[in-house]
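The structure under discussion appears below in the form of structure tokens.
Residue numbers start from 1 in every chain, and the chains themselves are labelled A, B, ... in the order their sequence lines are given, proteins ahead of strands.
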Protein chains: 2
Amino acid sequence: MRQKSYQDIRALVLARIHAQIWPPGARIPGEADLAAEFGCARATVNRALRELAEAGLIERRRKAGTRVAVNPVRKATLELPVVRLEVEGRGETYDHKLLLRETETPPDHVRARMNLPAGVRLLHLKTLHMADACPYMFEDRWLNRRTATGIDAADLNRISANEWLVQNVPFSGGDIAFFAAAASGDEAGALNIAPETAIFVVERTTWRGLDPVTATRLAYAPGYRMTTRI
Amino acid sequence: MRQKSYQDIRALVLARIHAQIWPPGARIPGEADLAAEFGCARATVNRALRELAEAGLIERRRKAGTRVAVNPVRKATLELPVVRLEVEGRGETYDHKLLLRETETPPDHVRARMNLPAGVRLLHLKTLHMADACPYMFEDRWLNRRTATGIDAADLNRISANEWLVQNVPFSGGDIAFFAAAASGDEAGALNIAPETAIFVVERTTWRGLDPVTATRLAYAPGYRMTTRI
DNA sequence: AAGTGGTCTAGACCACTCC
DNA sequence: GAGTGGTCTAGACCACTTA
């Protein structure tokens with residue numbers, strides 16, 4: 001190892017934390033000291049430590065220095081791909097059916113999530129996503145035409161609303177919730193399962209600036225597991 | 001704005017993507033060009049673009065250049081704090097009860113998850129976590145004494161195994177799965193709910209190098225929602 | 001073969017925060 | 001006030017990948 005990379009430094013620091021040479025709560029040397037010890041530039045040490053801080057393993061504050069986290073808040077990163085790619089990525093055949101496409105007045109809880117005034121009318125879509133011809137996920141979506149402009153011209157039988165939005169309406173942020181629920185009659189019917197079956201649900205609201213774009217409830221067929229590594 | 005920061009550059013690039021000046025799939029100028037245009041060093045542009053790439057908004061490849069992602073794979077970051085801090089963070093009072101602490105032979109599915117040989121014996125713990133004296137989450141945990149050394153000396157009535165491990169056994173990685181399930185008799189009894197109720201479950205296996213540390217199944221009381229923003 | 005991103009260096013100034 | 005991390009610059013070399 002002639003020249004040390006930031007990944008080398010990161011690994012060296014991590015090893016010392018794991019070996020408890022620097023136990024939880026302990027202060028570790030400053031960037032300049034570590035740079036001198038490891039024989040590299042301070043910028044290299046900075047990048048290594050910055051990544052460890054982003055991962056929650058150390059805590060950094062100006063003047064106070066860098067400390068090993070006492071309660072490392074592990075951060076798991078979930079990837080939220082377009083449904084079609086998620087299914088195809090597992091080697092299965094994707095298909096979808098548009099079950100409903102109507103302009104309606106949304107129920108209050110949807111209106112509240114989207115922070116819209118009473119009386120507003122939205123585009124309501126229900127889509128069943130399939131993997132190898134089996135029900136995979138049932139999507140109940142409300143769309144704001146003011147931000148999702150062009151949706152009325154889209155052929156949602158060819159491309160799902162999910163995918164159309166990702167490709168055509170860049171959004172600035174969103175709120176996501178994951179929870180378990182008993183399948184509603186609607187969901188049970190679409191997924192072809194008994195009502196009240198435990199299903200995994202994802203609710204997402206996305207925004208473009210301060211304007212709501214869409215609110216969705218994704219009900220996954222029983223057996224679905226969302227996985228990741230840390 | 002006298003001197004531009006990497007955050008400024010990131011915002012400028014993001015704005016052009018949102019405005020579709022650089023539509024999905026389009027190639028954007030090279031780092032050197034952008035640095036010249038924005039009047040900053042290439043390293044500054046590099047950091048801005050690197051962060052956008054980590055967020056999944058653009059794709060970068062040497063020689064091929066940088067392109068706006070066609071199907072942005074949005075990444076959601078979930079924080080997995082110690083249960084006590086999660087409860088206290090919401091202003092509620094935390095408490096826990098150790099319901100079981102026995103050395104047992106684990107069932108096959110646990111043994112397989114931990115990649116251990118047949119016949120191994122593990123420490124089996126069952127803990128009920130409470131928020132404001134109400135059942136919050138039921139934890140069923142299997143521990144490998146070879147990696148979780150010192151666990152036998154810990155007073156698990158004072159500090160939960162969850163917290164003891166975080167503070168005493170640094171781990172290198174883990175697998176996590178989130179899904180919905182019907183409450184088992186065990187879980188329903190501990191959480192004081194009807195069997196078969198839909199509950200949110202997190203299964204986690206953690207490793208220290210190639211050696212398993214612990215395998216847990218966390219069953220949350222009905223109503224629990226795991227939330228984040230993107 | 002050559003273009004493009006990936007990274008390192010050395011030095012500098014600055015912002016924040018603790019004492 | 002002073003110590004520490006946060007960031008920018010200018011230049012350089014290198015690694016990867018595609019044309």
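- Rounding to the nearest 0.5 Å gives a distance of 11.5 Å between CH2 of A/Trp142 and CZ of A/Arg111.
- Residues passing the side chain to side chain contact (heavy atoms under 4.5 Å, CB included) test with B/Leu14 are B/His18, B/Leu52, B/Leu57, sequence neighbours excluded.
- For A/Arg146, the side chain to side chain contact (heavy atoms under 4.5 Å, CB included) criterion is met by A/Asn144, not counting sequence neighbours.
- Neither OP1 nor OP2 of C/dG6 sits under 4.0 Å from any side-chain N or O of A/Gln7.
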For nucleotides 13-15 of chain D, print each protein N/O atom paired with a nucleotide N/O atom at under 3.5 Å, atom names and distance only.
from   : atom 1 : to      : atom 2 : distance (Å)
D/dA15 : N3     : B/Arg62 : NE     : 3.3

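- Using a 4.0 Å cutoff on non-hydrogen atoms, the parts of residues 44-61 of chain A near DNA chain C are A/Thr44, A/Arg47, A/Arg61, ordered by number.
- Two residues are said to be in side-chain contact when any heavy atoms from C-beta on lie closer than 4.5 Å; B/Val73 and B/Asn71 fail this criterion.
- Under 4.0 angstrom from either OP1 or OP2 of C/dC8 there lies no side-chain N or O belonging to A/Tyr6.
- In this view, B/Val202 and B/Ile176, B/Phe178, B/Phe200, B/Leu218, B/Tyr220 satisfy the side chain to side chain contact (heavy atoms under 4.5 Å, CB included) rule, not counting sequence neighbours.
- The salt bridge (Lys or Arg N to Asp or Glu O under 4.0 Å) contacts involving residues 212-223 of chain A comprise A/Glu187-A/Arg217, A/Glu203-A/Arg217, where partners must be two or more places apart or lie in separate chains.
- Rounded to 10°, the angle separating the first-five-pair axis and the last-five-pair axis of the helix from C/dA1-D/dT18 to C/dC18-D/dG1 equals 20°.
- In this view, B/Glu79 satisfies the salt bridge (Lys or Arg N to Asp or Glu O under 4.0 Å) rule with no residue, not counting sequence neighbours.
- A/Thr228 has its side chain out of reach of B/Leu78: every pair of non-hydrogen atoms, C-beta onward, lies at least 4.5 Å apart.
- Here the P atom of nucleotide D/dC8 and the CZ atom of B/Phe38 are 14 Å apart, to the nearest Å.
- Atom CZ in A/Arg10 sits roughly 13 Å away from atom C1' in C/dT7 (whole-Å rounding).
- Side-chain contact annotation: A/Arg113 with A/Thr205, donor-acceptor N/O pair under 3.5 Å present.
- For residues 149-162 of chain A, the pairs satisfying salt bridge (Lys or Arg N to Asp or Glu O under 4.0 Å) are A/Arg145-A/Asp152, with sequence neighbours left out.
- By the side chain to side chain contact (heavy atoms under 4.5 Å, CB included) test, A/Leu99 is found to be paired with A/Lys97, A/Lys126, A/Leu128, A/Phe138, A/Ala190, residues two or more places apart in sequence or in another chain being considered.
- Using a 4.0 Å cutoff on non-hydrogen atoms, no part of residues 24-35 of chain A comes near DNA chain C.
- When side chains are defined from C-beta on, B/Ile58 counts as touching B/Ile17, because their heavy atoms get closer than 4.5 Å.
- Pairs engaging residues 48-62 of chain B under the salt bridge (Lys or Arg N to Asp or Glu O under 4.0 Å) rule: B/Arg10-B/Glu51, B/Glu31-B/Arg60, B/Arg47-B/Glu51 [sequence neighbours left out].
- Here the nucleotide nearest the side chain of A/Ser5, chosen from C/dT7, D/dT18, D/dC8, is C/dT7.
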